[in-house]
2 protein chains.
Amino acid sequence: MACNQIETEEYKKEMKAIQDSMDVLNGKWKIAIIKSICLYNQRRFSDILNDVVGISNKMLSKELKELETNKLIERTVLNTQPVTVLYELTKHGLTLQTIIKDLTDWGFRHREEIIGKSL
Amino acid sequence: MACNQIETEEYKKEMKAIQDSMDVLNGKWKIAIIKSICLYNQRRFSDILNDVVGISNKMLSKELKELETNKLIERTVLNTQPVTVLYELTKHGLTLQTIIKDLTDWGFRHREEIIGKSL
DNA sequence: CTGAATCCTCGGCGATACTG
DNA sequence: CAGTATCGCCGAGGATTCAG
């Protein structure tokens, strides 16, 4: 119900907003990385590298940079020997949780719908 | 809060579920197409082609097929001259509305957070 | 009108090696 | 440990043309 609305101006704005969201979340790894950090609140580079099965260090490095640019995570360098780098979600990053939860729920329902059985 | 949970089995399932969702929604066009159909409940090929700015017919055709495979939309061919083809959301397709709304809202907030002002 | 077919480009992503 | 550098594949997606 009520997903129709004729206001085209509003419609265009919404489309842009969605594209913004998708750009941030797109790609093969972003959400997996966020989940990894989220799971432990704080996580090191190599920890995430282990958590996110299949990712290469190059990709991880790139994705982390993008997430930081988008102010979703924060990078902290510790003066240990050798260096330790911690990543954690920002306040803004934490607001993604609703979406992530919805995506999870819908994913389960979708699988049932398509394959006819759950995980 | 409470996005951490130690159960790794559950964690893996959730990751798969999210990947399922993202696979369905990924790419440059899927959500825009869904929104277009949704806006009018029923929409023809060339209508969507106009709604979704920038998409090529090849892409539209491909995306529509995928959406149909995923049982999100339904294709109806009318015996007109020339042929008319209608696309509409299925019940399952309509369940995406929550996610789409969340993505829209978050997109707005994100823009404020990053650029410092709204659309 | 609704696509399918073809050709081409560009960037995402992987593999491996190297650095402070 | 936490990345960078380099090479290269492959598929997403654009432009154009053809077909029923």
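Just so it is clear, the values below take in all heavy atoms, side chains as well, and ignore hydrogens, waters and symmetry mates. In what follows, chains are A, B, ... by sequence order, proteins preceding strands, each numbered from 1.
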query = Using links of under 4.5 Å between side-chain heavy atoms of ILVMFWY residues, direct or through other members, which residues join A/V53 in one cluster?
reply = none
request  = State which residues pass side chain to side chain donor-acceptor pair (under 3.5 Å) with A/D20; sequence neighbours excluded, sorted by chain then number.
outcome  = B/R111
ask   = Tell me, which of residues 77-86 of chain A have any heavy atom that sits under 4.0 Å from an atom in DNA chain D?
value = A/P82, A/V83, A/T84, A/V85
message = Five pairs per end, C1' atoms only: what is the angle between the end axes of the helix from C/dC1-D/dG20 to C/dG20-D/dC1, to 10 degrees?
response = 40°
message = Any side-chain to backbone donor/acceptor pair from B/T104 onto B/I100? Under 3.5 Å, distance only.
response = yes
note = With sequence neighbours left out, the residues meeting side chain to side chain contact (heavy atoms under 4.5 Å, CB included) with B/T95 are A/W106, A/R109, B/H92
ask   = With sequence neighbours left out, which residue pairs that include part of residues 55-67 of chain B fulfil the side chain to side chain donor-acceptor pair (under 3.5 Å) condition?
value = B/K30-B/E66
ask   = Out of D/dG14, C/dC13, C/dC1, which has the shortest distance to the side chain of B/S46?
value = C/dC1
Side chains of A/I31 and A/L96 in contact at under 4.5 Å (non-hydrogen atoms) = no
For A/K101, all residues meeting side chain to side chain donor-acceptor pair (under 3.5 Å), sequence neighbours excluded = A/D105
task = Starting from C1' on C/dT2, measure out to CG on B/L49 and report it in whole angstrom.
result = 10 Å
inquiry  = Looking at C/dG3, I'd like to know if its phosphate oxygens (OP1 or OP2) sit under 4.0 Å from a side-chain N or O belonging to B/Y87.
reply    = yes
Residue pairs involving residues 69-97 of chain B (criterion salt bridge (Lys or Arg N to Asp or Glu O under 4.0 Å); sequence neighbours excluded) = none
query = Is there a side-chain polar atom (N or O) of A/R75 under 4.0 Å from OP1 or OP2 of D/dG3?
reply = yes
message = Output the rounded distance in Å from CZ (A/F45) to C1' (D/dA2).
response = 6 Å
task = Please list, chain by chain and in numerical order, all residues satisfying side chain to side chain contact (heavy atoms under 4.5 Å, CB included) with A/T98, sequence neighbours excluded.
result = A/D102, B/D102
remark   = In numerical order, the residues of residues 50-67 of chain A whose heavy atoms come under 4.0 Å of DNA chain C are A/N57, A/K58, A/M59
Partner set under side chain to side chain donor-acceptor pair (under 3.5 Å) for A/W29, not counting sequence neighbours = none
request  = Please check the phosphate of D/dG3 (OP1 and OP2 only) for any side-chain N or O of A/R44 closer than 4.0 Å.
outcome  = no
query = Could you give the CG-to-P distance, from B/L25 to D/dA12, as a whole number of Å?
reply = 16 Å
Set of residues satisfying side chain to side chain donor-acceptor pair (under 3.5 Å) with respect to B/D23, sequence neighbours excluded = none
